[in-house]
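Here's a structure for you.
Read the numbers this way: they start at 1 and go in the same order the structure lists the ligands and their atoms.
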Amino acid sequence: MTKLKRIGVLTSGGDAPGMNAAIRAVTRAAIYNGLEVYGIRHGYEGMINGWMKQLKSYSVSNIIQRGGTVLKTARSKEFRTPEGRKKAYNQLVKNNIDACVIIGGDGSFAGARIFSEEYDIPFVGIPGTIDNDLFGTDYTIGYDTAINTVVEAVDKIRDTASSHNRLFFVEVMGRNAGFLALRSGIACGAEAILIPEVETHYDKLSEFLESGFHRKKSSGIILVAEGKEAGGAFEIANRVKEEFKEYDVRVTILGHIQRGGSPSAFDRVTASKLGVAAIDALLDDQKSIMIGVANNEVVHVPFNKTIKNNKPINQSMLDIADILTI
Ligand code: ATP
């Protein structure tokens with residue numbers, strides 16, 4: 001039998017729609033299994049400073065449909081230090097917390113992994129980020145909602161693009177990963193998709209523009225993933241303006257609207273599934289794992305694996321994009 005009596009739950013790193021659904025699922029699944037739950041506010045900052053209080057079933061009522069995170073999130077410099085983690089450990093002991101569920105991205109899991117190596121308090125993770133860049137899981141919570149937000153915005157941009165015969169470069173989030181750009185680009189029928197994983201994309205784009213696209217079609221949408229290597233939408237659009245003066249080029253950076261909004265049904269269901277599975281895993285004495293989803297089944301991925309490996313971009317999605325764009 002498990003010795004667990006009380007667990008903590010927190011959200012960390014960038015916020016993502018569906019985090020609230022995950023908090024709700026973790027809380028209710030824990031209570032269902034006879035555990036007490038403490039909500040830790042402001043991520044690891046709250047763990048260090050003891051900003052935590054008990055969550056009851058009703059505490060998580062009416063949040064499944066809300067974007068953001070009711071527990072707030074933060075990036076904690078102090079948790080990166082052994083002294084910070086020692087303070088966090090002392091707070092967990094003081095509040096009789098036996099295990100924690102961390103909802104966040106790879107940075108949050110890197111912190112959880114180090115902590116679990118130093119102290120004997122099991123941590124499990126739930127992937128929550130719009131970037132979908134975590135190795136070992138097909139989906140992260142927030143990704144589906146962000147895709148829908150991008151598609152809705154691009155549909156609107158397309159109306160004005162076609163009215164003025166303009167070529168729009170639309171930049172979407174994703175840090176160094178092109179998952180969001182690729183999938184939403186396919187969904188909104190972009191003329192081209194530029195992602196950091198494919199170095200030759202700019203060359204293909206210029207070939208396409210050279211081939212006289214403007215004579216066949218009056219407007220276009222080029223989706224660009226933010227990224228350090230090739231530069232963002234502004235850099236690429238400037239290059240195109242220089243090289244192809246016949247195009248009327250505009251840029252839109254979608255920015256933080258991609259992080260907000262009511263989570264999609266898919267994200268809510270995924271969050272619910274992973275939240276319940278996280279409690280099952282803790283009751284089963286598991287630790288240092290991310291609860292993910294692969295081929296529609298819940299999977300356990302060691303933190304080590306998800307942190308160290310880069311998630312490859314799906315080749316079949318790239319092929320689809322290649323066939324259907326331009
Ligand atoms: P997102 O993908 O949305 O940015 P994330 O979880 O990757 O989310 P980070 O800012 O990278 O976001 O990490 C969140 C927090 O995790 C950091 O602010 C820090 O407190 C902790 N953390 C990250 N890396 C480490 C590490 N190597 N050691 C200890 N703590 C870490």
Side-chain angles (χ1 to χ4, degrees), residues 8-20 22-23 40-51 67-69 71-89 91-92 100-119 121 123-137 139-147 149 172-181 196 225-228 255-261 263 267 271 274 278 288-292 301-311:
V9 57
L10 62 77
T11 48
S12 168
D15 63 307
M19 280 184 159
N20 283 327
I23 294 166
I40 303 170
R41 290 169 67 80
H42 301 280
Y44 291 127
E45 276 298 290
M47 195 183 268
I48 289 169
N49 293 296
W51 299 330
T69 157
L71 288 177
K72 313 271 184 179
T73 184
R75 302 193 196 270
S76 169
K77 273 196 189 149
E78 207 179 350
F79 197 77
R80 291 176 182 273
T81 66
E83 298 75 27
R85 293 192 294 275
K86 173 88 181 137
K87 283 192 203 166
Y89 173 73
Q91 286 292 351
L92 293 180
C100 283
V101 178
I102 309 299
I103 304 165
D106 59 348
S108 303
F109 298 160
R113 184 186 64 102
I114 293 173
F115 184 92
S116 316
E117 277 170 8
E118 293 169 339
Y119 302 104
I121 295 186
F123 278 19
V124 301
I126 294 179
T129 162
I130 64 165
D131 302 337
N132 201 33
D133 58 349
L134 284 168
F135 180 88
T137 187
Y139 294 105
T140 57
I141 296 165
Y143 176 53
D144 184 66
T145 307
I147 290 167
T149 303
V172 306
M173 281 185 167
R175 285 199 292 192
N176 297 316
F179 299 98
L180 185 55
E226 64 176 355
K228 289 182 205 129
H256 282 82
I257 62 160
Q258 295 163 90
R259 286 266 182 92
D267 273 333
L274 299 186
S288 288
I289 51 166
M290 174 189 76
I291 314 292
V301 188
F303 279 152
N304 256 343
K305 255 189 158 178
T306 195
I307 295 161
K308 285 191 184 147
N309 292 297
N310 281 330
K311 183 173 180 173

Side-chain donor-acceptor contact under 3.5 Å, Thr73 with Asp15 | no
Note to self: Check whether Thr69 reaches the backbone of Asn20 with its side chain - one donor and one acceptor, N or O, closer than 3.5 Å.
What the structure shows: no
The option among Arg75, Arg85, Met173 carrying the non-hydrogen atom nearest to atom 12 (O) of ligand 1 is Arg75
Protein heavy-atom partner closest to atom 25 (C) of ligand 1 - residue, atom, separation in Å:
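For this ligand atom, the closest protein heavy atom is Arg80 NH1, 3.5 Å.
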Heavy-atom proximity to atom 31 (C) of ligand 1, picking from Gly125, Gly111, Pro82, points to Gly111
Practice item. Output, in order, the C-alpha distance, side-chain angles, deciding distance and verdict of salt bridge (charged side-chain N to carboxylate O under 4.0 Å, His left out) for Asp133 and Lys311. Key: CA-CA 6 Å; Asp133 58 349; Lys311 183 173 180 173; over 6 Å; no
A student checking ligand 1 against Phe79 at a 4.0 Å heavy-atom cut-off should list atoms 20 (O), 29 (C), 30 (N)
heavy-atom search around atom 15 (C) of ligand 1 in the protein gives Ser12 OG, 3.7 Å
for atom 1 (P) of ligand 1, nearest protein heavy atom and its distance come out as Arg175 NH2, 3.5 Å
Heteroatom distance test (Asp131, ligand 1): nitrogen or oxygen, under 3.5 angstrom |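 No: no nitrogen or oxygen of Asp131 is under 3.5 Å from one in ligand 1.
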For atom 11 (O) of ligand 1, the closest protein heavy atom turns out to be Gly107 CA, 3.4 Å
For side-chain contact (heavy atoms from CB on, under 4.5 Å), just list the numbers for Ile102 and Val124, CA-CA rounded to whole Å, side-chain angles, deciding distance to a tenth of an Å, and then say yes or no. CA-CA 6 Å; Ile102 309 299; Val124 301; over 6 Å; no
(Q) Which residue and atom name correspond to the protein heavy atom nearest atom 27 (N) of ligand 1, and how close is it? (A)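 That would be Ile114 CD1, 3.8 Å.
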Handout entry: Proximal ligand 1 atoms for Ser108, defined as those under 4.0 Å from one of its heavy atoms
Key =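 So the answer, numbered in order with elements, is 5 (P), 6 (O), 13 (O), 14 (C), 16 (O).
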Short question: side chain of Gln258, backbone of Gly255 - any donor-acceptor pair under 3.5 Å? yes
Salt bridge (Lys or Arg N to Asp or Glu O under 4.0 Å) pairs touching residues 78-89, sequence neighbours excluded, are Glu78-Lys87, Arg85-Glu118
Ignoring hydrogens and angles, tell me if any N or O in the side chain of Lys72 forms a donor-acceptor pair with the backbone of Gly43 under 3.5 Å.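 A pair under 3.5 Å: no.
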Interatomic distance, OG1@Thr137 vs CE@Met290, rounded to 0.5 Å, equals 5.0 Å
Looking only at non-hydrogen atoms, the one of Ala177, Gly14, Pro127 nearest atom 3 (O) of ligand 1 is Gly14
Tyr44 heavy atoms within 4.0 Å reach ligand 1 at atoms 16 (O), 20 (O), 21 (C)
Check your understanding: Is Gly105 in polar range of ligand 1, meaning some N or O pair under 3.5 Å apart?
Key -> yes
Looking at Gln91 and Met47, would you say the former's side chain and the latter's main chain have a donor-acceptor pair under 3.5 Å?
no
| said: Among all protein heavy atoms in this structure, tell me which lies nearest to atom 18 (O) of ligand 1, with the distance rounded to 0.1 Å. | reply: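 The answer is Ser76 N, 2.7 Å.
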(message) Would you say the rings of Phe123 and Phe115 are close, in the sense that their centroids are separated by under 6.0 Å?
(response)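 Yes.
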Quick look: Asp106 vs ligand 1, heavy-atom contacts under 4.0 Å, and the answer is both
